[in-house]
Amino acid sequence: MKIGYPCINLSVNSGAKTFRLATYSEAKLKEVVENNIFYLNEILQFNIANGLLFLRISSGMIPFASHPVCKVDWADFYKDELKKIGNIIKKNKIRISMHPDQFVLINTPKDQVLENSISELIYHNKLLDSFGLDCTHKIQIHVGGVYDDKQLSIQRFIERYKKLPLKVKKRLVVENDDRLYSLADCLFINKKTQIPVLLDVFHHKCYNQGENMALALKKAAATWSKSDGVPILDYSSQKPHARKGNHIESINARDFADFIKNIGRKDFDIMLEIKDKEKSALKAREILKKLKKL
DNA sequence: CCATGTCAAGGTCAC
DNA sequence: GTGACCTTGACATGG
């Protein structure tokens with residue numbers, strides 16, 4: 001069982017940079033990418049030192065990678081640096097995931113949105129390929145919008161998924177959300193496409209079809225094949241006194257321990273979507289040690 | 001130097 | 001109708 005956190009680390013100087021489209025230049029892109037690769041290594045070193053073997057890499061690694069303005073063959077230009085990072089990841093058995101932005105919607109009715117989404121997915125896959133990582137390193141997306149007709153929108157997801165490049169399909173997993181598409185919806189899509197279902201534990205609590213957590217875990221895990229690796233979970237909890245769906249600032253030790261008791265002997269890698277990032281990830285590791293899960 | 005409006009991209013819903 | 005929210009605030013202009 002690996003514990004991870006998303007994109008940035010608040011203990012080390014994360015240092016990742018981006019810039020505005022208006023100031024785009026090839027030189028600027030190269031400067032920022034070089035910077036981002038350097039700081040990714042800093043985060044990896046922190047993780048290795050602290051036993052955090054799961055990491056979500058920011059989609060902003062290569063700014064504008066999928067935008068027409070970007071003519072730089074960054075994968076080739078930085079191939080040695082990217083391979084070096086990949087070797088560190090592989091040597092230390094770290095698992096990587098990515099989560100494209102909210103603009104990636106393969107079930108959209110709009111051609112332009114679909115085109116942008118596919119370009120963005122190809123970029124994510126290319127980055128993971130550039131590290132030399134296999135397809136257990138996943139890209140997670142949501143089903144998308146409802147567009148006033150949920151059944152039709154699910155059907156569109158299925159058809160669009162089938163037409164994606166093979167390598168993208170092998171990396172993609174679909175995640176239940178907190179309002180529109182539940183675990184049951186994702187499982188239906190899995191039946192038609194075999195896409196693995198990533199269970200977001202918090203979203204499942206927000207929106208479900210009555211499956212208790214133990215059953216939800218079992219059903220989601222069953223959609224992952226050997227080549228997909230250990231099933232991944234996203235874990236968070238409700239921020240007290242905030243709007244439903246807001247993520248908590250720091251992990252609640254008792255809730256997490258209670259949750260872990262549902263998983264039985266099954267293995268999962270857990271991504272903590274919690275505001276204080278690596279701090280909660282370290283706490284989670286301590287809790288797992290006490291429960292003898294590590 | 002610092003405050004703050006704005007940033008490639010979508011869609012939903014609480015208010 | 002607006003704005004917060006979603007994996008993450010950071011950039012850059014104007015004062």
Side-chain angles (χ1 to χ4, degrees), chain A residues 4-25 28-29 31-32 35-36 39-40 43 54-70 96-124 127 138-150 153 156-157 160 173-182 198 200-203 206-207 232-236 238-239 241-249 270-281:
Chain A
Y5 59 94
C7 303
I8 59 175
N9 180 309
L10 303 169
S11 304
V12 301
N13 176 8
S14 288
K17 284 201 181 339
T18 184
F19 59 99
R20 298 294 168 81
L21 182 57
T23 62
Y24 183 92
S25 73
K28 183 83 180 166
L29 180 79
E31 176 197 323
V32 169
N35 172 82
N36 291 353
Y39 282 106
L40 174 57
I43 292 176
F54 190 19
L55 178 68
R56 181 181 297 165
I57 292 180
S58 167
S59 299
M61 252 322 270
I62 319 285
F64 306 106
S66 73
H67 191 281
V69 77
C70 179
I96 299 297
S97 69
M98 295 191 78
H99 194 336
D101 279 306
Q102 61 269 37
F103 318 105
V104 173
L105 296 158
I106 66 169
N107 78 342
T108 178
K110 297 178 190 166
D111 291 344
Q112 187 62 57
V113 176
L114 176 63
E115 196 182 306
N116 294 348
S117 297
I118 294 173
S119 298
E120 188 70 357
L121 290 175
I122 289 171
Y123 150 61
H124 281 75
L127 183 60
K138 293 299 187 188
I139 301 168
Q140 60 188 90
I141 58 170
H142 292 288
V143 180
V146 169
Y147 312 101
D148 300 321
D149 188 336
K150 189 164 168 177
S153 297
R156 240 185 351 259
F157 182 98
R160 299 273 175 70
V173 298
V174 67
E175 174 189 352
N176 59 307
D177 65 68
D178 59 349
R179 294 198 307 269
L180 308 177
Y181 294 99
S182 65
L198 187 159
D200 186 309
V201 171
F202 180 38
H203 290 164
C206 294
Y207 180 47
I232 297 173
L233 300 174
D234 280 358
Y235 180 89
S236 185
Q238 174 67 38
K239 180 176 179 176
H241 317 298
R243 201 179 82 169
K244 187 180 169 187
N246 284 20
H247 290 212
I248 200 166
E249 295 292 329
I270 304 180
M271 176 58 58
L272 299 177
E273 293 184 332
I274 296 180
K275 300 280 185 197
D276 70 355
K277 307 289 176 180
E278 78 287 350
K279 286 195 181 62
S280 284

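A note on names: the letters A, B, ... follow the listed sequences, proteins ahead of strands, and every chain is numbered from 1.
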Rounding to an integer number of angstrom, what distance separates [N] and [M] when you compare their [atom1] atoms?
N: C/dG9; M: C/dA4; atom1: C1'; result: 15 Å
N: C/dC11; M: B/dG10; atom1: P; result: 23 Å
N: C/dT2; M: B/dT6; atom1: P; result: 15 Å
N: C/dA10; M: B/dG11; atom1: P; result: 27 Å
N: B/dG5; M: C/dG3; atom1: C1'; result: 15 Å

Can you tell which of [options] lies closest to the side chain of [X]?
X: A/Ile8; options: B/dA9, C/dT8, B/dC13; answer: C/dT8
X: A/Leu105; options: B/dG11, B/dA8, C/dT8; answer: B/dG11
X: A/Arg179; options: B/dC13, B/dG10, B/dA8; answer: B/dC13
X: A/Glu120; options: B/dA8, C/dT8, B/dG11; answer: B/dA8
X: A/Val113; options: B/dT12, C/dC11, B/dG10; answer: B/dG10
X: A/Phe19; options: C/dC11, B/dA8, B/dG11; answer: C/dC11

With sequence neighbours excluded, residues passing ring pair (Phe, Tyr, Trp, His ring centres under 6.0 Å) with [X]:
X: A/Tyr123; answer: A/Trp74
X: A/Phe202; answer: A/His247
X: A/Tyr181; answer: none
X: A/His124; answer: none

Counting only side-chain nitrogens and oxygens, does [X] get under 4.0 Å of the OP1 or OP2 atom of [N]?
X: A/Thr23; N: C/dA12; answer: yes
X: A/Ser117; N: B/dA9; answer: no
X: A/Lys17; N: C/dG9; answer: no
X: A/Lys110; N: B/dA9; answer: no

Hey, is the main chain of A/Met61 close enough, under 3.5 Å, to the side chain of A/Asn36 for a donor-acceptor pair?
yes
I'd like to know if the side chain of A/Glu278 and the backbone of A/Leu10 have a donor-acceptor N/O pair within less than 3.5 Å.
yes
Could you tell me how the ring of A/His203 sits relative to the ring of A/His142: parallel (under 30°), tilted (30 to 60°) or perpendicular (over 60°)?
tilted
Is the ring of A/Phe103 stacked on the base of B/dG10, with centres less than 5.5 Å apart and planes under 30° off?
no
Residue pairs fulfilling side chain to side chain donor-acceptor pair (under 3.5 Å) with at least one residue in residues 109-121 of chain A, sequence neighbours excluded:
A/Ser66-A/Glu120, A/Gln112-A/Asn116
Contact class for A/Ser59 (heavy atom, under 4.0 Å): base, sugar-phosphate, or nothing?
nothing
Answer with base, sugar-phosphate or nothing: what part of the nucleic acid does A/Phe64 contact at a heavy-atom distance below 4.0 Å?
base
Here the helical stems involving DNA chain B, each at least 3 consecutive Watson-Crick or G-U pairs closer than 3.5 Å, sorted by first residue number, are B:1-7 with C:9-15, B:10-15 with C:1-6
For A/Asp234, what residues pass the salt bridge (Lys or Arg N to Asp or Glu O under 4.0 Å) criterion, not counting sequence neighbours?
A/Arg56
Under the salt bridge (Lys or Arg N to Asp or Glu O under 4.0 Å) rule, collect the residues that match up with A/Lys28, sequence neighbours excluded.
none
Between [N] ([atom2]) and [X] ([atom1]): distance, integer Å:
X: A/His142; N: C/dC6; atom1: NE2; atom2: C1'; result: 7 Å
X: A/Met61; N: C/dG9; atom1: CE; atom2: C1'; result: 18 Å
X: A/Asp177; N: B/dC13; atom1: CG; atom2: C1'; result: 13 Å

Return yes if the base of B/dG10 and the side-chain atoms of A/Gln102 contain a donor-acceptor N/O pair under 3.5 Å, otherwise no.
yes
Flag side-chain contact, heavy atom, 4.5 Å: A/Ser153 against A/Lys150
no
Would you mind building the protein contact string for nucleotides 1-6 of chain B? One character per nucleotide, 5' to 3', B for base within reach (heavy atoms under 4.0 Å), S for sugar-phosphate only, - for untouched.
-----B
